[in-house]
Trainee: 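What follows is a single structure, and I will ask about it in a moment.
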Amino acid sequence: MLNVSSALFWLCLLIFISDFSHSTFEFTNIKCNSLDTSFATFEYCLLKSVNRTYKYGSLKVKLLKVPVDKVKLNLALYKRLNGYKPFLYNVTFDVCKFIQNRNSNRVAAFIFNLFQPYSNINHSCPCNHDVVVDKVPTSHMNEQLTKILPFPPGDYGFYSIWFGNGKPRATVNVYGTLS
Ligand SMILES: *[C@@H]1O[C@H](CO)[C@@H](O)[C@H](O)[C@H]1NC(C)=O
Ligand SMILES: *[C@@H]1O[C@H](CO)[C@@H](O)[C@H](O)[C@H]1NC(C)=O
Ligand SMILES: *[C@@H]1O[C@H](CO)[C@@H](O)[C@H](O)[C@H]1NC(C)=O
């Protein structure tokens, strides 16, 4: 039975949710760091504003000890509240296994979809070439973040640690604001 107060409740919920889906994402910073320069180095790691509506992030990792048979990714999502605090996940997954079966891990799928369409990471391991993520536009991040999960507005940090052949080799941290 739909009475007035429950109708109001659903209306408010709907407005609340649709409000999130109108939020916009902006990159604020990207930081790449090699933990082992004999294994991997960054040729570039940057954000660029082309104009008011087109801003993107790109990076290129040179892999110096190919082939890399095992790739793991640790990822944590932080939200800023007096310093960055853990928000959703701190997960580690096997990138090689995940690429073989994209349905095996929903969190991994969500993370991957943020940049995979703009990268050359679309085959299973071993990886025997440099890794490029080319011009991921804010519009894509926006779509992924707001359409799939209704994230509340705020400042976020995605912290990732990349493991190659069992050891931590590089970190990539991406910061952004959802408003
Ligand atoms: C921003 O730059 C992109 C790529 O050069 C272009 O397609 C787009 O029309 C530009 N937008 C504005 C508002 O100038
Ligand atoms: C996530 O957890 C791992 C393992 O407990 C830890 O090493 C890493 O620092 C954590 N990441 C962040 C960003 O806190
Ligand atoms: C990788 O990308 C290429 C070019 O977009 C495509 O032809 C190929 O089918 C993709 N491979 C996989 C395993 O998705």
Side-chain angles (χ1 to χ4, degrees), residues 13-34 37 40-64 66 68 71 73-81 83-84 87-89 93 95 98-99 102-103 105-125 127-162 164 169-179:
L13 189 69
L14 197 69
I15 291 170
F16 188 63
I17 290 170
S18 62
D19 199 41
F20 284 161
S21 67
H22 287 131
S23 53
T24 51
F25 177 83
E26 280 297 343
F27 285 118
T28 51
N29 206 352
I30 180 167
K31 286 183 187 162
C32 303
N33 183 31
S34 172
T37 51
T41 56
F42 287 91
E43 193 169 308
Y44 51 80
C45 171
L46 55 89
L47 292 182
K48 188 169 165 136
S49 275
V50 175
N51 55 36
R52 217 159 49 84
T53 50
Y54 183 43
K55 195 171 183 179
Y56 63 73
S58 290
L59 64 84
K60 180 172 180 182
V61 190
K62 294 186 87 70
L63 293 177
L64 307 171
V66 291
V68 182
V71 183
L73 172 61
N74 170 259
L75 194 127
L77 179 57
Y78 276 40
K79 187 170 193 288
R80 193 163 75 183
L81 304 157
Y84 284 88
F87 177 61
L88 266 188
Y89 303 115
F93 62 88
V95 175
F98 168 70
I99 289 176
R102 298 283 183 102
N103 299 320
N105 184 329
R106 288 180 58 192
V107 174
F110 170 69
I111 303 307
F112 237 62
N113 289 338
L114 292 175
F115 63 87
Q116 194 275 330
Y118 298 88
S119 80
N120 64 350
I121 317 174
N122 81 339
H123 58 80
S124 56
C125 299
C127 185
N128 53 13
H129 56 75
D130 296 344
V131 175
V132 179
V133 178
D134 191 39
K135 297 181 184 159
V136 181
T138 45
S139 55
H140 175 73
M141 297 291 280
N142 217 353
E143 209 171 278
Q144 298 296 317
L145 292 175
T146 58
K147 215 171 64 183
I148 298 169
L149 289 177
F151 276 80
D155 294 329
Y156 291 92
F158 295 85
Y159 295 78
S160 66
I161 306 170
W162 292 82
R169 307 291 188 173
T171 62
V172 176
N173 297 344
V174 179
Y175 303 86
T177 301
L178 203 60
S179 54

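Whatever order the structure lists them in is the order used to number ligands and atoms, beginning at 1.
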Trainee: With a 4.5 Å heavy-atom cut-off, do T171 and Y159 have their side chains touching?
Mentor: no
Trainee: Using 30° and 60° as the class boundaries, would you call the ring planes of F112 and F115 parallel, tilted or perpendicular?
Mentor: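 Ring orientation, 0 to 90° scale: tilted.
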Trainee: What protein heavy atom sits nearest atom 13 (C) of ligand 1, and how far away is it?
Mentor: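 Looking only at protein heavy atoms, the one closest to atom 13 (C) of ligand 1 is T53 OG1, 3.7 Å.
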Trainee: Checking a contact table here: which protein heavy atom is nearest atom 6 (C) of ligand 1, and how many Å away?
Mentor: N51 ND2, 4.2 Å
Trainee: One pair to check against side chain to side chain contact (heavy atoms under 4.5 Å, CB included): S179 and T24. What are the steps and the verdict?
Mentor: CA-CA 5 Å; S179 54; T24 51; 3.6 Å; yes
Trainee: Checking I30 against L59 for the side chain to side chain contact (heavy atoms under 4.5 Å, CB included) test, could you report, in this order, the C-alpha distance in whole Å, the side-chain angles of both residues, the deciding distance, and whether it holds?
Mentor: CA-CA 9 Å; I30 180 167; L59 64 84; 4.3 Å; yes
Trainee: Please state which protein non-hydrogen atom is closest to atom 5 (O) of ligand 1 and give its distance, to 0.1 Å?
Mentor: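 Scanning the protein heavy atoms, the shortest distance from atom 5 (O) of ligand 1 goes to V50 CG1, 4.1 Å.
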Trainee: How about atom 9 (O) of ligand 1: does it have a protein heavy atom within less than 4.0 Å?
Mentor: no
Trainee: Tell me, which protein residue and heavy-atom name are nearest atom 4 (C) of ligand 1, and how many Å apart are they?
Mentor: Y54 CD2, 3.7 Å
Trainee: When you compare the side chain of L114 with that of F158, does any pair of heavy atoms fall below 4.5 Å?
Mentor: yes
